[in-house]
Amino acid sequence: MNFDFTQKMMVWNHTENNRSMPWKGEKDPYKIWLSEIILQQTRVEQGLAYYNKFIETFPTVKKLANAPEEKVFKLWEGLGYYSRCKNLIASAKIIDSVYKGRFPDTYENILALKGIGPYTAAAIASFAFNLPYAVVDGNVLRVLSRYFGISTPIDSTTGKKLYNQLADSLLDKENPGVYNQAIMDFGAVVCKPQNPLCGACPQKQECRAFQQAWVNDLPVKEKVLKKKTRYMYYFAISVNGKTFVKKREAKDIWQNLHEFVLHEHDEPIDWTKKNLKEAVKSFIDKPFQLQEISTIVKQQLTHQLIIGQIIKITVQTPIDIPGYDLLPDKEIKKLAFPKFINTLMQQEAVLF
DNA sequence: AACACGGGGGA
DNA sequence: TCCCCAGTGTT
């Protein structure tokens, strides 16, 4: 153990760390687990309201395991990375049935649950059971790469191995939970990505990046994500006050969320009466009335830019669209939709 | 090893 | 815009 680094981290935690979060110091593994899943790739400020909603609605793992799945997705709506929600439900059911509602208490069994990787398993194991596993998240990677002046990319295979070993060697094995919490808080509050508080940092004398003025160049990432643009036009097709919707099942964005009738194109579409008629004809071969067409909405995802509109039409004759369900508004309100579609539905209609 | 997976906030 | 956030699962 690098005694100096670890001890100073613990001293900082004891004397200066005043970061407060509802799940901090929590011992109920269910609550710890929930907070960790919500916070994967998610800012504390963004996840906080969701955590409170979930705990209020599902105070125990049993409640979560036995809830209607759509209700859980509706609660997750807007948070993103929806496979987290799917895996949360799956793991809740396993804990409820296989483990009789008692959260598994070994690292291996925790890690085996769906949606739990090395980081989350170490977090739960150390926070709930005080087991000696070091967390390695974005905060830890940043702190270690700066303190030790490591330029090995954090997203490379060798980098991951290196940082994992280093994190393990630094862990305070007497107080793994407290130490793990401390180093993450330190990364979030002092050794921040932008404008870190090096002046107030208790470790600055030993920090390689500070000594060498590398702070703004570390950590290093090697992978650059490629982005693509998609044009998604949604048709809200209504018959007698009911509208066609379906659940997205494909291995694509927004899996398990719902959508209206989708017309996706590889180029932007400038809607005219003619091409609108053609587009609708590909779904239904019946006369229709155009109600309204929205303004163009853009949504930037991590590696996709989604551009599109929603077009509301009504049909008088009874019809069926294969793959879609015809549901009343009351039912549709209970379904979880992507942010993009919710934004579309809030748009003012433009004249056509 | 590379890639897919959301949404929000700060610079 | 770009980057990052208490990362994980799939191919």
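Just so it is clear, the values below take in all heavy atoms, side chains as well, and ignore hydrogens, waters and symmetry mates. Naming: A, B, ... by sequence-line order, numbering from 1 per chain.
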Length of the CD1-C1' vector between Ile306(A) and dG6(B), whole Å: 10 Å
In short, salt bridge (charged side-chain N to carboxylate O under 4.0 Å, His left out) pairs touching residues 202-218 of chain A with sequence neighbours left out are Lys8(A)-Glu206(A)
Quick note, salt bridge (charged side-chain N to carboxylate O under 4.0 Å, His left out) partners involving residues 155-168 of chain A, not counting sequence neighbours, are none
In 5'-to-3' order, the base (B), backbone-only (S) or no-contact (-) status of each nucleotide in nucleotides 4-11 of chain C, using a 4.0 angstrom heavy-atom cut-off, is BBBBSS-S
Pairs involving residues 25-48 of chain A, ordered by first then second residue, that meet side chain to side chain donor-acceptor pair (under 3.5 Å) (sequence neighbours left out): Glu36(A)-Tyr119(A), Gln40(A)-Thr120(A), Thr42(A)-Arg84(A)
Show me, range against range, the stems involving DNA chain B, built from at least 3 consecutive Watson-Crick or G-U pairs below 3.5 Å. B:1-5 with C:7-11, B:7-11 with C:1-5
For Phe5(A) together with Tyr147(A), are the ring centres under 6.0 Å from each other? yes
For DNA chain B, the residues among residues 253-268 of chain A that have a non-hydrogen atom under 4.0 Å from it: Ile253(A), Trp254(A)
Any side-chain N or O of His303(A) less than 4.0 Å from the OP1 or OP2 oxygen of dC3(B)? no
Name all pairs fulfilling the salt bridge (charged side-chain N to carboxylate O under 4.0 Å, His left out) condition that reach into residues 254-271 of chain A, sequence neighbours left out, sorted by first residue then second. Arg230(A)-Glu264(A), Lys246(A)-Glu259(A), Arg248(A)-Glu259(A)
Tell me whether the centres of the aromatic rings in Trp76(A) and Phe54(A) are closer together than 6.0 Å. yes
Kindly state which residues belonging to residues 72-80 of chain A come within less than 4.0 angstrom of DNA chain B, counting heavy atoms of the residue only, listed by number. Gly78(A), Leu79(A), Gly80(A)
Summary of side chain to side chain donor-acceptor pair (under 3.5 Å) pairs that have at least one residue in residues 122-143 of chain A, sequence neighbours excluded: Ser126(A)-Asn180(A), Asp137(A)-Asn139(A), Asn139(A)-Arg142(A)
Provide the full list of ring-ring contact (aromatic ring centres under 6.0 Å, His included) pairs with a residue in residues 157-183 of chain A, sequence neighbours left out, each pair given once. none
For residues 218-241 of chain A, pull every pair meeting ring-ring contact (aromatic ring centres under 6.0 Å, His included), keeping only residues two or more places apart or in separate chains. Tyr233(A)-Trp271(A), Phe235(A)-Trp271(A), Phe235(A)-Phe283(A)
For residues 320-336 of chain A, the salt bridge (charged side-chain N to carboxylate O under 4.0 Å, His left out) pairs (sequence neighbours left out) are Glu331(A)-Lys334(A)
